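As the structure is a prediction and not an experimental result, all values here were calculated from the model.
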Amino acid sequence: MQSSVLLYKVATSTKAQSFSPPPPNSYSSSPLENKRLLSRHHNKNNNRLKSRSRDYNKNNNRRIIREMPCVNSGGGNEGLSNFHLNESSFLASLMPKKEIGADRFIEANPQYDGRGALIAIFDSGVDPAAAGLQETTDGKPKILDVIDCTGSGDIDTSTVVKADENGCIIGASGSTLVVNSSWKNPSGEWHVGYKLVYELFTDTLTSRLKKERKKIWEEKNQEAIAEAVKQLAEFDKINVKIENANLKRAREDLQNRVDLLRKQTDSYDDKGPVIDAVVWYDEELWRVALDTQSLEDEPENGRLAGFTPLTNYRVEQKYGVFSKLDACSFVTNVYNEGNVLSIVTDSSPHGTHVAGIATAFHAKEPLLNGIAPGAQLISCKIGDSRLGSMETGTGLVRALIAAVEHKCDLINMSYGEATLLPDYGRFVDLVNEVVNKHRIIFVSSAGNNGPALNTVGAPGGTSSSIIGVGAYVSPAMAAGTHSLVQPTTEGLEYTWSSRGPTADGDLGVSVSAAGGAVAPVPTWTLQRRMLMNGTSMSSPSACGGVALLISAMKAEGISVSPFTVRRALENTCLPIGDLPEDKLSAGQGLMQIDKAYEYIQKSESSPCVWYQIKINPATKSSPTSRGIYLREATYFKQSTEWTVEIEPKFHEDASNLEQLVPFEECIELRSTGENVVKAPEYLLLTTNGRSFNVIVDPTNLNDGLHYYEVYGIDCKAPWRGPLFRIPITLTKPKVVKSRPPLISFQGMPFVPGHIERRFIEVPFGATWVEATMRTSGFDTTRRFYIDTVQISPLQRPMKWEGVATFSSPSAQNFAFPVEGGRTMELAIAQFWSSGIGSHETTTVDFEFGFHGISVNKDEAVLYGSEAPLRIDAEALLSSEKLVPAAILNKARFPYRPVDAKLSTLSADRDRLPSGEQILALILTYKFKIEDGAEIKPQIPLLNNRIYDNKFESQFYMISDVNKRVYGMGDVYPEYVKLPKGEFILQLYLRHDNVQYLEKMKQLVLFIERKLDEKEFIRLSFYSQPDGPIIGNGGFKSSAMIPGRKEAFYIGPPSRDKLPKSSKDGSVLIGAISYGKVSFGGSEDGKSPESNPVSYQISYIVPPSKIDEEKGKSPPSFISKSVCERLEEEVRDAKIKVLASLSQGTDEEQSEWKKLSISLKEEYPKYTPLLAKILEGLLTQSNADDDVHLYEEIIDAADEVVSSIDKDELAKYFAHKSDPEEEGAETTKKKMESTRDQLVEALYQKGMALAEIELLKDEKVDSGNDAQAASHTATQPDSFEENFKELRKWVDIKSSKYGSLLVIRERRCGRLGTALKVLNDMIQDDGEPPKKKLFELKLSLLSQIGWNHLVTYEKQWMYVRFPPALPLF
C-alpha cells in the first residue's frame, strides 16, 4: 500500500482518499496510508469524510448542539446562506468563486483576472488537451511548460544509429522504422529508445485499454481455435481408424494445437504495446518522433514517418496523442544531449483538476472558469507513475528547480502526509529558500485526515513558509456541487478537513477556501469534467485567488512578496465559527480576495517582513517550538513560563541601509485570554529581533479544548491587524479515577456536521481500549466518524479511526491500542451531509473501558539459544486474562552492497537554484530466493519519511539476471512476489553533499520475506525454565489480579521447524500479544496480530549444525604408484590450463586450438579432455563460418562418444551395485561423470546438426513442412539417429534436453506438439527464463501462423528480456 496522498475525491470511487492518487488511499495513521494526493473521490454515499466541532459553550459551560463552525454572515457573503438555485447559480456552484470573493474581485477588476501571474502546479501532471487549459483570457498559451520531474517517463536514447540507403533505421525494439525524408538531420545520427506504453498510463486507463484490447485478441484467438478444431475434425473424418504410429502422432499434434489455444485464453496477461522513440538534432532543436503502430487498429496508422515531430514543450507548446483508442495526450522533453527522452503523461486526473480550479478559461462558459482564468501555469509532475502517483524526493526537488527557473509567482501543491517532525527536512529547507530568496508564494493542502486535532499533514499544514489551506463547503456548493436535497443553512468546514495544531503548537491551517469543484480532467477519462472534493481542491482555489492578487499587484506596480500576501490573506478572512478554537479547523477563516487586495493597497509602504517565532520553556533552550501546546495532564497543575523570540525575516535581496537599518516597530501585545495567558503589553522590535516571556496558567480551566492567542499589533498602524500570532492550545484531559477504569459520555446530541470532542488521560498501565457506541432518536441512516489521537515525542500522531454507520438505533463495539499516561482525544463527528434531510437529533452514548497488560519487554528477542525468554506481566488497572500468543511469520536478511557508484547528474534538471549540482549514488545488492516468495526491501535509516528527512531522495529497483524488473519503490517499500532465482536490487540515492553519500556506500539493507503459511512458527509458552527441553510445564492462560505480577517463558522454535531459507544470522520476526478483547469470539486472541495490541518478537537464527563429514577426503581403495599419480596430476593440470584459456580473439582461439590438438595427441582417448575440448568449442562466438564451427562441434562430440564404452556404461546402470562394496562410491562417481559427458556430447551434437540444417534450409529457402519431410526421408537422418541414442540415456522431455525434442517435432511438422513440449519445459524450468526458449516459441508460433500470439509473445519479450534496466 502506498502512503502519500493526493487530497481529493472523485465521483466514481467508494473509498475515501487523502494525500493519495487513484486508486484512493486513506490519509490515516498507518505510515503506509498517510500520504498522497490531498483530495477525495466523491460518490452518493459521501465516502469516508470527517468533521469537527465543540463540546461546551465557553461562556456558560453549558452543552450545546452546534454544527460545524459556520461562516458569519456579512462581509459580502450573505448570499452563501440565503440562496435559491437557478441555472446560473447552479453552474457557478460547480466552480465556486463567490465563497472567497473572487467573483466580486474580477467583476470590479476585469483586467486583474490572473494575467501576468505564473503558477507551478506540483501534482500528478496536467493534460494540455483538457478543456479550458489551452489559452488565457488575453489569448496567451495557458500552459507554458509540462515537465515530468519524477523521471517515470524517461527513455534511454543513448543508442545512436544511422539510416540505410532506403531511409530505414533499426529501432530500439528491433523493428525496422522508415524515417521521413523531409526531417532535417544534418549529422545523420538518430537516437533510439523504446517504452512499454502501459508504463506511461494510469492504472485506470490501462485497465480500460486492456479490456478493449482483450476483446479484439479474443476474437482473433477464437478464429484460430475454430480453424484448429476444423482441421482436427477433417483429420478424424479422413482417418476413421488410426493404427499407424505416425498418424497417432499427427492427430495428437492437431489436438495439442486446439488445447494450446484454449489454454492461452486463461493465461492471457496483456503487458501492452511497445512504442519506438527516435530523437535527433536539426541544428536548432532536438526533435522527437514516435512509432505507435502497435497501438493502432489500422496497420497504416501510427507509423514513425507519419508522426509530426515534437520538441521540448516549453519551446513550441505542442503535444501529441498516442491513439484514438487511449485518447491520452503527451508531451516530450529531451535532456542530456539527446541521450534521455522524457515522455510526459499524467499519473492521475488529479493534477488537471487542480490546474482547472486555479486557472481554467472557458470563453463560452464563463461560469465554469477557474478562479484566475487569465493566469498561466507550468505543470511539474511529482506523482511518479511507477509508484501509482506517489511523490518522490527527486520529483519534489526537480519541481522546485523548475519553478525557480521559470520565475514562477506561485506554487500549488495538493500532496502531503503525516510527519514526525514538523517544519523539518530537506524539502522544507529548499522551500524556505524558494520563498524567502525567490519570492515564490507556496500554497498547499492542509490534509484530509480530520476531524481530530493534530491531523494536518506535511508540508502544507506543518511548514512555516507554506500557506496551508483547509476545505470549506458553502450552502450553494452543498446544493449544486453535491446535489443535496436539503443543503446546509450555513457554510462550514468539511468534516474530513485536517485540523491543527501541529505537534510543536503551530496553528497548522492558515486559511480556508472552497474544497470541492467540478473541474476539467484529462481527455483519457473520456469526459470533460469531474467532481472532486478535498483540501486538494481548496488549495488551488486559494492559489487562484492569490493569482488574482498578484495580477493586480503587478499591474499596479506593487512589489509582490509572499510575506505581504500571506498577511493580507490572514488578516482579512471571514471567520468560520464563533469560538476561538475554531481557528484550529479553518485557520484565520474563509479567504476574501477583494478585502485582501484592499489590505495590500493600503499596506504598500509597510515593511516587507515576516516574523519568525521560536518558543521554548523559560528554563530550557530546547526543544524549540512555534506555538505553545499543553496537552498532557501534568501541565494543568501549575503555571508555566515560556520564552518567545520574535525575529523579523526579510527577503534575501533586502537592502541593509534602506530596509534593515530603518526597521523599528512599536508592538502592542494582546492576549485573547488574559486570565489564562499573560504577556507584556508592549515590545520594541528591531531587525535583530526581541524576546519576551509568556505565562500560561491553566489551573482553573475546565476539562476540554481551549485556544488562545498572543498577537502583536503595530501601535502606529493598528489597521494592519496582527503582525504575528502565537497560538496557544490547551487540551485539559478528564482523569479516569474509577477502578476498573471506565468512563462514559452520555446523551451527546448530534446533527449533520456536529462534532463532540473529549480529552481523556489514559491511565498508566492501559494498552488498549474497548469502547461501545450506542445511538438513538433518529429515523434515517446516520454515519459517524470516530477518531482518537495521542501525541508522543518524535513519532507521528498515534491515530485510530473508525467509520460507524447506523441504519437504525443500535450499538457498535470498537477496540484499539492506546499509550498509558498520555492524553487521548476522542472526536466523534456526524458526517456533514449524513441525515441532512431529517429534522431529528441523534443521541449518542459512548463508553470507554481501559485495559492493559504491562510487560517487562516491549520487544521480545530470542537470541538463538535453547534458553527460553522470561516475560513478567502485570495488570495495573483491573482483572485481565493473560492469554499469550506469538507467531513468527517473516524472515529478515541483512545485505551490504556489492558495488557503489557515485556520479554527477545532468545540469538539465538537477542543478539547484543555489548552483549546487546534485549527485547520485547507486548501490547494488545481490540476493537469492530459493523458492518463490513475497519480499520487501527495508532501509531503516531512510524508510517512511519524505518531508521530515534530510536526505533528498531514494528509489530502488529489483530485477533478475535477465534485467526483468519485478518491483520498484521508494520511502514506503511494498511486498513484491519473486520467483526462484538470483536478483539484483539497485538503490538510487541523491544529494548535493558528496560527504553524505560517501558515508552511505556501505549502507545496510534488509530483505524481509513473508513465510508461507505452512512455514509459520507458533511459539509455545512454559511456566518452567526447562520446559522447552523437558516438554512439561506448558502455559496457556492465567487470570491476572491487579497489582500481582505473573511470569512465564517463551520457548524458542525447534530447529526442525525453522524455514529452509533461514540463514545463519538472519532474523525471524512476528508478533506477540498478551491479552484479548472481552467482546471477541472464541478465535480472538489466538492470532496476535488480530488483537488490538501486539508487539514485535524476533528470533535470531543460530549457526547451523556442523557437518562432520564435510571436508573429509574419500578413502582411496585403489593403490597407485607415485609415478602414476604424478602423471595423472600433470594431465589434469594441462586440461585445467586448457579450460582456463580465453578465446575472445582470433589469436587466443589459435593458441587454444594448438594446445587442444597437442593434448589430444598425448591423451587421445581420455574422455574428460575430449569433453573439455567440446566445451571450449561451444564458447566460441566470433566464428566467420557458422557451418564450419558446428561441424567441428559434431566431430568433437563424436570423439567424446567414441571414447566411451557405452556397453560397459549401460551394464553398470542396469545392475544395482552394492554401496558397501570397496570402491563402490568412487566407481559410482566415475560412471555418473562419464554418463554426463556422453549425454552432453549427444545433446550438443544434436543441436549442432539442427543448426546446420537450419542454415542450409535458409540458404535454399525450402518452404513448407511437406518438403522438409521429403528431404528428411530421402537422405540419411543423422539427427534422428543421434536423438534416438540420446533418448536411451536421459528423459528427453526434461527442461535440459527438451529443446532437441522440440526441434525433432518441428522437423516432423508436428508444430503443435513441439509447442506443447516447449511450454512444458518453460513451465518446469526452475531457473530464470531462457531467452532462446522464448525465441524458439516465437518461431513456432510464426510458423503455425498464429500472428495474434506472435504479437502477444513479442510484447512479453520486452518484459522478460529487456536490453537494459530502465533509468532511475
Side-chain angles (χ1 to χ4, degrees), residues 263 266-267 269 271 862 864 886-896 898 924-939 956-969 973-987 1004-1019 1052-1071 1087 1089 1097-1105 1107 1110 1291 1293-1298 1318-1331 1333-1334 1356 1359-1361:
K263 288 179 180 177
D266 298 330
S267 62
D269 183 10
K271 289 298 178 181
L862 295 159
I887 188 171
L888 299 172
N889 52 16
K890 300 181 185 73
R892 190 174 288 169
F893 309 93
Y895 293 89
R896 284 198 185 272
V898 297
T924 301
Y925 303 81
K926 292 185 177 180
F927 62 96
K928 189 173 183 179
I929 300 293
E930 297 296 341
D931 297 299
E934 287 187 75
I935 67 102
K936 178 171 68 173
Q938 291 190 331
I939 312 158
Y956 68 83
M957 194 182 302
I958 301 173
S959 59
D960 65 9
V961 294
N962 293 319
K963 299 184 178 66
R964 176 180 176 179
V965 175
Y966 281 87
M968 296 180 177
E974 295 185 346
Y975 281 101
V976 59
K977 193 168 186 178
L978 298 181
K980 176 184 177 181
E982 295 180 353
F983 295 89
I984 294 171
L985 185 147
Q986 286 191 318
L987 177 63
V1004 174
L1005 173 142
F1006 293 90
I1007 297 294
E1008 184 174 286
R1009 174 182 177 267
K1010 280 185 180 179
L1011 300 181
D1012 294 333
E1013 193 167 347
K1014 62 184 179 183
E1015 296 179 299
F1016 287 1
I1017 301 173
R1018 298 188 182 277
L1019 299 179
S1054 59
R1055 297 294 174 88
D1056 60 339
K1057 289 186 178 180
L1058 296 181
K1060 294 179 181 178
S1061 60
S1062 57
K1063 305 173 186 176
D1064 297 357
S1066 61
V1067 181
L1068 302 180
I1069 59 174
S1087 173
E1089 291 166 322
I1097 185 170
S1098 55
Y1099 173 77
I1100 300 173
V1101 178
S1104 304
K1105 179 183 176 182
D1107 186 355
K1110 189 175 181 181
D1291 177 9
K1293 291 184 179 180
S1294 68
S1295 60
K1296 186 172 182 180
Y1297 305 108
L1318 183 57
N1319 282 342
D1320 291 343
M1321 286 174 57
I1322 293 171
Q1323 186 83 17
D1324 297 339
D1325 192 4
E1327 299 300 317
K1330 296 180 178 64
K1331 190 173 183 179
L1333 295 182
F1334 286 92
W1356 264 98
V1359 176
R1360 294 187 181 105
F1361 310 103

Task: Test item: V898 and I984 side chains (from C-beta on) under 4.5 Å apart, heavy atoms - done: no
Open item on the list: R896: which residues meet the salt bridge (Lys or Arg N to Asp or Glu O under 4.0 Å) condition with it, sequence neighbours left out?
Closed with: none
TODO: Using side chain to side chain contact (heavy atoms under 4.5 Å, CB included) as the criterion, list what pairs up with K1063, not counting sequence neighbours.
DONE: F893, Y895, S1066
TODO: Would you please name every residue forming a side-chain hydrogen bond (donor to acceptor under 3.5 Å, both in side chains) with R892, sequence neighbours left out?
DONE: Q938, E1008
TODO: Report the residues that fulfil salt bridge (Lys or Arg N to Asp or Glu O under 4.0 Å) with D1320, sequence neighbours left out, ordered by chain and then residue number.
DONE: K1316
TODO: Name all residues meeting the side chain to side chain contact (heavy atoms under 4.5 Å, CB included) criterion together with K963; count only those two or more places apart in sequence or in a different chain, and write none if there are none.
DONE: P1362, L1365
Task: Contacts of F983 that satisfy ring pair (Phe, Tyr, Trp, His ring centres under 6.0 Å) - sequence neighbours left out - done: F927, Y966
TODO: Go through the structure and list residues passing side-chain hydrogen bond (donor to acceptor under 3.5 Å, both in side chains) with T924, not counting sequence neighbours.
DONE: none
Task: Set of ring pair (Phe, Tyr, Trp, His ring centres under 6.0 Å) partners for F1334, sequence neighbours left out - done: F1361
Open item on the list: If the condition is side-chain hydrogen bond (donor to acceptor under 3.5 Å, both in side chains), which residues does S1061 pass it with, not counting sequence neighbours?
Closed with: R1009
Task: Nearest heavy atoms of N962 and P1328, plus distance in Å - done: ND2-CB, 4.0 Å
TODO: For D266, enumerate each residue passing the salt bridge (Lys or Arg N to Asp or Glu O under 4.0 Å) test, keeping only those at least two apart in sequence or located in another chain.
DONE: none
Task: Rounded distance (nearest 0.5 Å) linking atom CG of L1011 with atom CD1 of I887 - done: 9.0 Å
TODO: Please name all residues satisfying salt bridge (Lys or Arg N to Asp or Glu O under 4.0 Å) with K926, sequence neighbours left out, ordered by chain then number.
DONE: none
TODO: Not counting sequence neighbours, which residues clear side-chain hydrogen bond (donor to acceptor under 3.5 Å, both in side chains) with K271? List them please.
DONE: none
Open item on the list: Looking at every heavy atom in both P1059 and L1068, which two are closest together, and how far apart are they?
Closed with: CD-CD1, 4.0 Å
